[in-house]
Number of protein chains: 2
Amino acid sequence: MAIQSSDQQVIGVRERARRQGERIRAHIRERIDSGAWGPGHKLPTDRELARDFGIARNTVRRTLERLEHERLIVRQVGRGSFVATAEPAPRNPANDSRPDASPADVMELRLLVEPQMAELIVLRATARDMDALDECVRKSELARSYHDYERWDEALHRTLAICTKNNGLIALMDTINAQRNQPDWINLKKRTLTQTVRRTYQEQHRAIVAAVKKRDKDKTREAIRIHLAEVRQNLLGEH
Amino acid sequence: MAIQSSDQQVIGVRERARRQGERIRAHIRERIDSGAWGPGHKLPTDRELARDFGIARNTVRRTLERLEHERLIVRQVGRGSFVATAEPAPRNPANDSRPDASPADVMELRLLVEPQMAELIVLRATARDMDALDECVRKSELARSYHDYERWDEALHRTLAICTKNNGLIALMDTINAQRNQPDWINLKKRTLTQTVRRTYQEQHRAIVAAVKKRDKDKTREAIRIHLAEVRQNLLGEH
DNA sequence: GCCAACTGATCCAATACTGAGCCATTGATG
DNA sequence: CATCAATGGCTCAGTATTGGATCAGTTGGC
């Protein structure tokens, strides 16, 4: 089978066949470093890049793997590849070099804090808050894609924080949610979020909201605790 | 003799079928942001939008769902979709700033979290951590200026967080401490930190460290709780 | 000749979009 | 009051796109 379409390129390509990966890698890095592709920008698909550069898709993909490993980009099946958000740690000058909280740390923190919010929640949640909780549960159950589900799951836990009317807790929940959107978390979650697991979560979410509606402090705390324990179990195993 | 058999070559023509949602979303956002569609303005129906943009109704509806989730629009069955009224406290962490946590909020948060750290502290504190705790207590008692005292008091609570070996908790404690250094907090503290109060705090600090050294989970939790309750009482009165 | 990099190809899984249909609520009309 | 058209809510099957993965073969430099 003759390779008709790329005859003119064959010679040039073959000459540098060993530097193709480096070539495309430099191109992408340049775009990102120069700011032409800001955080969140969608990269061309690997198939597009392969075609435009006259390189095999496999080579492009290995290059993208490297870039992903270097946290310069994030890739998601069915969606595309994106420039990573806030990649090189835009830390405050005050205190840096503190390692990020690991998924295990974050889950431990959540188990420490969120069940304790129960008392404040049942004490201060308004009728509007209850509606918002209902909406989160309903929408998360209707979510068809992993992304939609995650959005509403996050919203549920954030709404619980809002119920406490404590701005410190709301801010804390936002910080936690920000962690949950880091690349390694996303991979961890996607690996473990099967249909069965999701159904379990939905039941647990319902239980939490039901307890809040009854303003039952103890049931709320226990429902939250059970749910988070299950999440940790699924994400990290044992405990 | 084209070779177009491999999927690597068949790209391009309809490659934008992926971005329809983004397209219409940008259009609506532009109208809202520019003020062309003010609060309460009725959007075209989803069927209209789908027809005008040549996009499937389902896709339009997904986009509207996103906009609703972002609180940019509200939708009502049988009536239509409307630009949200900006007044009900924009809740999107992305583009607006939340009011800071008040001193009451922060103390509530601390009472929620810090006693719960007790179990992790007695489980994971190293001998070096114990020494650090001792140093904090000693230095705070020797402090001659208000400023020095505050520094070592902060350090003590931060060291307790360090004992948990949980980076999320350490980060949280840093956030809390940052709040405590805001102008209104400083005034609050200076007004209330009398010699008597300071002596009480010192005793309570000693009690906490002693409980940690004995690795007594319950005593540690209770000692922390008592201390924070006292601090809250002194800062804010009642409760 | 050997080895690492690259090629070309094929299949899979997740996601986005399309097209079609039906239901539930609303508000106007008769 | 009954009816009905408009409109958002929801589901389903099918298509297209995209990253993930693997394998056998080729190439270029040592």
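Numbered from 1 within each chain, the chains take letters A, B, ... in sequence-line order. Only a predicted model underlies this, so the values are computations on that prediction, with no experimental measurement involved.
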Quick check: on DNA chain D, is the nucleotide nearest Arg61(A) upstream (toward 5') of the one nearest Val77(B), or the reverse? Name the residue that is more 5'. Val77(B)
Can you measure from CG (Leu172(B)) to CG (Leu112(A)) and round to the nearest 0.5 angstrom? 9.5 Å
Arg47(A) CZ to dA9(C) C1', straight-line distance once rounded to whole Å: 12 Å
Taking only side-chain N and O atoms of Arg62(B), does any of them lie within less than 4.0 angstrom of OP1 or OP2 on dA16(C)? no
Rounded to the Å, how far apart are Glu135(A) CD and dG9(D) C1'? 13 Å
In whole angstroms, how far is the C1' atom of dT26(D) from the CD1 atom of Ile55(A)? 17 Å
Does Arg19(B) put a side-chain nitrogen or oxygen below 4.0 Å from OP1 or OP2 of dA16(C)? no
In whole angstrom, give the distance that lies between atom CZ of Arg75(B) and atom P of dA6(D). 20 Å
Less than 4.0 angstrom from a charged side-chain N to a carboxylate O is my criterion; do Asp129(B) and Lys165(B) meet it? yes
How would you label the contact of Leu142(A) with the nucleic acid (heavy atoms, under 4.0 Å): base, sugar-phosphate, or nothing? sugar-phosphate
Write down the distance between CD (Gln76(A)) and P (dC12(C)), rounded to a whole number of angstrom. 23 Å
Roughly, in whole Å, what's the span from CZ in Phe53(B) to C1' in dC17(C)? 16 Å
Looking only at atom types and distance, does a side-chain atom of Thr159(A) sit under 3.5 Å from a main-chain N or O of Ala155(A), one as donor and one as acceptor? yes
Given atom CZ of Arg18(B) and atom C1' of dA14(C), what is their separation to the nearest angstrom? 9 Å
Could a donor-acceptor pair under 3.5 angstrom be found where the side chain of Arg138(A) meets the base of dG9(D)? no
Quick test of your reading of the model: are Arg198(A) and Glu141(A) salt-bridged, counting only N-O distances below 4.0 Å? no
Find the distance Arg57(B):CZ to dT11(D):C1' and express it as a whole number of Å. 12 Å
Glu222(A) atom CD, over 12 foreign heavy atoms within 6.0 Å: yes
Give a yes/no on whether any side-chain N or O of Ser81(B) is located under 4.0 angstrom from OP1 or OP2 of dG8(D). yes
